[in-house]
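Single-structure report; data block below.
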There are 2 protein chains.
Amino acid sequence: MRSRHMGGPPWWHGRFRGCGYRFTVPRQAILDVLSGTLKHLSAEDIYFAVHKTYPNVGLTTVYRTLELLVHMGLVFKFDFGDGRARYELSEGPKGARHHHHLVCTSCNRVVDYTDFIDEEVELLGRTEKGLSDKFNFKITNHLIQFYGLCDKCRNSQ
Amino acid sequence: MRSRHMGGPPWWHGRFRGCGYRFTVPRQAILDVLSGTLKHLSAEDIYFAVHKTYPNVGLTTVYRTLELLVHMGLVFKFDFGDGRARYELSEGPKGARHHHHLVCTSCNRVVDYTDFIDEEVELLGRTEKGLSDKFNFKITNHLIQFYGLCDKCRNSQ
DNA sequence: ATATAAATGAAAATCATTTTCAATAACACT
DNA sequence: AGTGTTATTGAAAATGATTTTCATTTATAT
Ligand SMILES: [Mn+2]
Ligand SMILES: [Mn+2]
Ligand SMILES: [Zn+2]
Ligand SMILES: [Zn+2]
């Protein structure tokens, strides 16, 4: 019974150790923040959130940890066009499903959607296979985003 | 018979004027560079290329022009993860076809592909329709990228 | 408890992109 | 072709997200 790990999935600890990394307080805290939201947080967002509980965790550590989490495949990093990277747990709260994004080019709102996801994923799978063979690429990931004007922005102008 | 416009599509001029913009030497030069390559150039790449012919065109103007071209829909802006934006004519040299990208997460190589593009575009069309209706988004664009290890990087470890 | 190397935090550095502002040039009109 | 208006430009400075540096701290194997 590890004392500190009350909130998040305890398998995180093993996942870190398995990769030869230490499971530290800041890392736990950052994962806790990410696992407690459906939003797409920036490094600074996460820094502020962590800061409430652990005021001495620095922004540098947040950046370093996020880079590590992305590298480990626990977190996805996105560019939605607002000049800062956004992060999301690759397996969302309570194992939220794989999804893609709708991005408003005016206000930068981001909407998760899972509609058509099965068809998309099926086609993506075939495409990945075809591309792997043709270009000898080892494909590990994909990105799909739709851009446009959100409800509010299309009406207000 | 406009004197300067020998290289590029003369309709660019009209396109600019139609939007109320002036068609200037730097703008022409930047479009010429973009229309003469299949690569995905950064602002600095374009700056250097333009500089060979017009040494007094500044990097600032390159950035401003690219922003304008993206806004006009003549150019696409991409983030392939190497910390700088990359640009591509939306209608490539001799009307190259709509395509998507394969990105190497190790060396940042980018490969254009058009395989499966018809199926993809068909599904994207349906998805766009469905999403527009459901979220009341006016969708204008989409992005599809596959990430992985390229031929070279997967072999060289 | 101790040793060791990984991880951290504060401050400084980096660097792509943006802003400022005076000078220039596109083009509508003679 | 010349002129006036105003968008556009270029140099320099500013911005701001992210990275680097380096001395200190901490997780964990012993
Ligand atoms: Mn999401
Ligand atoms: Mn391309
Ligand atoms: Zn919006
Ligand atoms: Zn590669």
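Just so you know, these numbers use all the heavy atoms, side chains as well, and skip hydrogens, waters and symmetry mates.
- Between B/Pro26 and B/Tyr87, the residue anchored nearer the 5' end of DNA chain C, judged by the nucleotide with its closest heavy atom, is B/Tyr87.
- Phosphate proximity of C/dT18 to B/Tyr63: absent, as no side-chain N or O sits under 4.0 Å from OP1 or OP2.
- Contact between the side-chain N/O atoms of B/Arg27 and the OP1/OP2 oxygens of D/dT9 is found at a separation under 4.0 Å.
- In terms of modelled atom types and a separation under 3.5 Å, the side chain of B/Arg27 and the main chain of B/Thr65 share no donor-acceptor contact.
- Residues from residues 41-53 of chain B lying near DNA chain D, meaning a heavy-atom separation below 4.0 Å, are absent.
- OP1 or OP2 of C/dG9 has at least one side-chain nitrogen or oxygen of A/Thr61 nearer than 4.0 Å.
- Dashed line: the shortest gap from a side-chain N or O of A/Thr60 to OP1 or OP2 of C/dT8 is not under 4.0 Å.
- Following rounding to the nearest Å, B/Gln28 (CD) and C/dC27 (P) show an atom-to-atom distance of 11 Å.
- Along DNA chain D, the nucleotide nearest B/Pro55 and the nucleotide nearest A/Arg17 are compared for position; the residue whose nucleotide lies closer to the 5' end is B/Pro55.
- Against DNA chain D, the stretch residues 74-84 of chain A makes heavy-atom approaches under 4.0 Å through A/Gly83, A/Arg84.
- Among the protein residues, B/Arg64 comes within range of the nucleic acid bases, having at least one heavy atom under 4.0 Å from a base atom.
- You'll find that the side chain of A/Thr65 is closest to C/dT8, out of C/dA26, C/dT17, C/dT8.
- When all heavy atoms of A/Leu66 and A/Ile30 are compared, the closest pair comes out as CD2-CG2, 4.3 Å.
- As rounded to whole Å, 15 Å separates atom C1' of D/dT26 from atom CZ of A/Phe23.
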